[in-house]
Amino acid sequence: MITVLFFASLRDQLGSDKQLINIESLAQFIASNGTPTEAFNSDQLIAFLCQNNPNWQSVFSEQKLFIAVNQEIVQAPCPIADGDEVAFFPPVTGG
Amino acid sequence: MITVLFFASLRDQLGSDKQLINIESLAQFIASNGTPTEAFNSDQLIAFLCQNNPNWQSVFSEQKLFIAVNQEIVQAPCPIADGDEVAFFPPVTGG
Amino acid sequence: MSHANISIAVQPEPFDTGEMYHQLSQCTPSPGAVVTFTGLVRDLDNDKNIIALELEHYPGMTEKSLQTIAQQAASKWPIQAISLVHRIGRLEAGHPIVAVGVASAHRVAAFNACEFIMDYLKNDAPFWKKEIRTDGEQWVASKQSDVAAKHRWQD
Amino acid sequence: MSHANISIAVQPEPFDTGEMYHQLSQCTPSPGAVVTFTGLVRDLDNDKNIIALELEHYPGMTEKSLQTIAQQAASKWPIQAISLVHRIGRLEAGHPIVAVGVASAHRVAAFNACEFIMDYLKNDAPFWKKEIRTDGEQWVASKQSDVAAKHRWQD
């Protein structure tokens, strides 16, 4: 299972704050695109999310988003493994 | 009259915190050294002070001192006029 | 490894930077310098439609991220103690959002560490501000000047 | 001409930077950023012979000099208010010597102004520190690092 979280304006745009992704479903989706299934990355995860929710495609492609894997900001595309917590969010505005 | 003030370690070294200088005495001293008397500067004031207090010569020559004229720090030699308050002090160490 | 005493809080409750200063100034041994920064909700006078700000964050990651930033500062400069508190939830004009306090033997280290922490917090800590307006809600956009402020530490 | 509200005090009485922060944070309109610097008498543990510090100043010139420095800062950056207080007389370890607080709409301006004021104060304001020791008294020497800190603002 991969836990995917969305925050702030991105959550409002997607209408979702959390998706639980079954690892087999993700592996099948990737295999159907001709890629080996041992390793996933964040681009593939986004493609999978957008296949399930076609109206998300424009939301993900039209803005700069941050990705955090297991609560650390990483550069996309980054490897993702079963059990990871993956968060997508817009640039931060605290302080 | 010129008011001359000494602060901190300089005051301790000179054994004086204040000297009141009669403008005629200063003018006479400068004239005796062959300089016109219309304008004085801080170097001439130091020379006058050291003539009256011969052991001050080494105190003034052996360290970096600040000069303030009418409570503003200036670069030596700077012009000095009757009525001025002239202060000599070591580098400051506040804050 | 730095031995700075680091305290991090993310909370809906108000806080007092004056109290933070008092605690930092009583470090042992006595620090030579204490610098505090407080970020407040500016007066919203120039836009009368703004009623308040709402601060969202990413629970769990927020605290880790602030801890990492504070540790980075403590490893770059000789620091005795760092306190950092950030509010979440609804905030009215004039109320403090964030405070960072640094105690050090030396003023330049205390200033640098405090600025560094704020510059990194503004870019890396997962907080998001939303304006609550008479005519609806509006997420606040990030500022390019904050990105530039972080980059000056990376040469 | 800057319209910053400038408050200067040179006094033998103790002061509280926490209180200074409270006053600055209540500026009108509400500032977005308040930075405070406090310089304290460091613990004198590394030299057990030091009992206290004695702060001398040049009455009249001191206040003028601090006012000039604060005005320079307020003309360089957009500042709402500056508070500056410096103690004179005898000070024990752990006690505050000087505090500078700056309120501004923007954090970079507040940080810069506060650092600028301290760097200039350290070089230009007529204060002198003396160590009161078990074996006598000793004037404190000025530091070359303070001269360098001032020069970085002059490019």
Side-chain angles (χ1 to χ4, degrees), chain C residues 16-46 53 80 91-119 121-122 143 145-146 148-149 152, chain D residues 16-46 53 80 91-119 121-122 143 145-146 148-149 152:
Chain C
D16 176 13
T17 309
E19 186 50 42
M20 177 189 280
Y21 162 74
H22 291 146
Q23 285 173 13
L24 289 169
S25 70
Q26 282 151 30
C27 276
T28 306
S30 292
V34 176
V35 171
T36 69
F37 170 84
T38 312
L40 304 104
V41 184
R42 247 182 303 176
D43 240 333
L44 308 166
D45 277 0
N46 47 353
L53 291 182
Q80 282 181 247
L91 292 166
E92 322 273 320
H95 285 239
I97 305 168
V98 61
V100 178
V102 178
S104 170
H106 302 288
R107 87 176 178 286
V108 175
F111 271 120
N112 279 336
C114 195
E115 284 191 82
F116 174 96
I117 290 169
M118 278 308 303
D119 289 343
L121 183 156
K122 286 263 181 186
K143 286 187 290 184
S145 61
D146 287 328
R152 69 186 159 136
Chain D
D16 176 14
T17 310
E19 187 49 42
M20 176 188 281
Y21 162 74
H22 291 146
Q23 287 173 13
L24 289 169
S25 70
Q26 282 151 30
C27 277
T28 306
S30 291
V34 176
V35 171
T36 68
F37 170 84
T38 312
L40 304 103
V41 184
R42 246 182 304 175
D43 240 332
L44 308 166
D45 277 0
N46 49 353
L53 290 182
Q80 282 181 246
L91 291 168
E92 323 273 318
H95 284 239
I97 304 168
V98 60
V100 178
V102 178
S104 170
H106 302 288
R107 84 176 181 287
V108 175
F111 271 119
N112 279 336
C114 194
E115 285 191 81
F116 174 95
I117 290 168
M118 277 309 303
D119 289 343
L121 183 155
K122 286 263 181 186
K143 285 187 290 183
S145 61
D146 286 328
R152 70 187 158 135

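Computation of the quantities below employed the complete heavy-atom set of this structure, encompassing side-chain atoms and omitting hydrogens, waters and symmetry-equivalent molecules. Sequence lines set the chain letters: A, B, ... in the order given, protein chains first and strands last, and positions in each chain run from 1. None of these values were measured; they are calculated from a predicted model.
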Contact part of [X] toward chain C, heavy-atom cut-off under 4.5 Å: side chain, backbone, both or neither?
X	value
Cys114(D)	both
Asp16(D)	side chain
Ala149(D)	side chain

Requested in this report: May I ask you to test the Ser30(C)-His95(D) pair for a side-chain heavy-atom distance under 4.5 Å?
Outcome: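 Result no, sub-4.5 Å side-chain heavy-atom pair not found.
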Query raised in the report: Do Val35(D) and Glu115(D) have side chains that get closer than 4.5 Å, going by heavy atoms?
Result: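 No, every pair of side-chain atoms sits at 4.5 Å or beyond.
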Query raised in the report: Between Thr38(D) and Thr17(D), does any side-chain donor sit less than 3.5 Å from a side-chain acceptor?
Result: yes
Query raised in the report: Highest number of heavy-atom pairs under 4.5 Å with chain D: which of Gly94(C), Pro31(C), Gly39(C)?
Result: Pro31(C)
Query raised in the report: Which heavy atom of Val102(C) sits nearest a heavy atom of Leu24(C), and at what distance?
Result: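 Result for this residue pair: N-CD1, 3.8 Å.
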Report task. Might you point out which heavy atoms bring Met118(D) and Val100(D) nearest each other, and give the distance in Å? Result -> SD-CG2, 3.7 Å
Query - Partner chain C: residue of Gly18(D), Gly32(D), Ser145(D) with the largest heavy-atom pair count (under 4.5 Å) - result: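 That would be Gly32(D).
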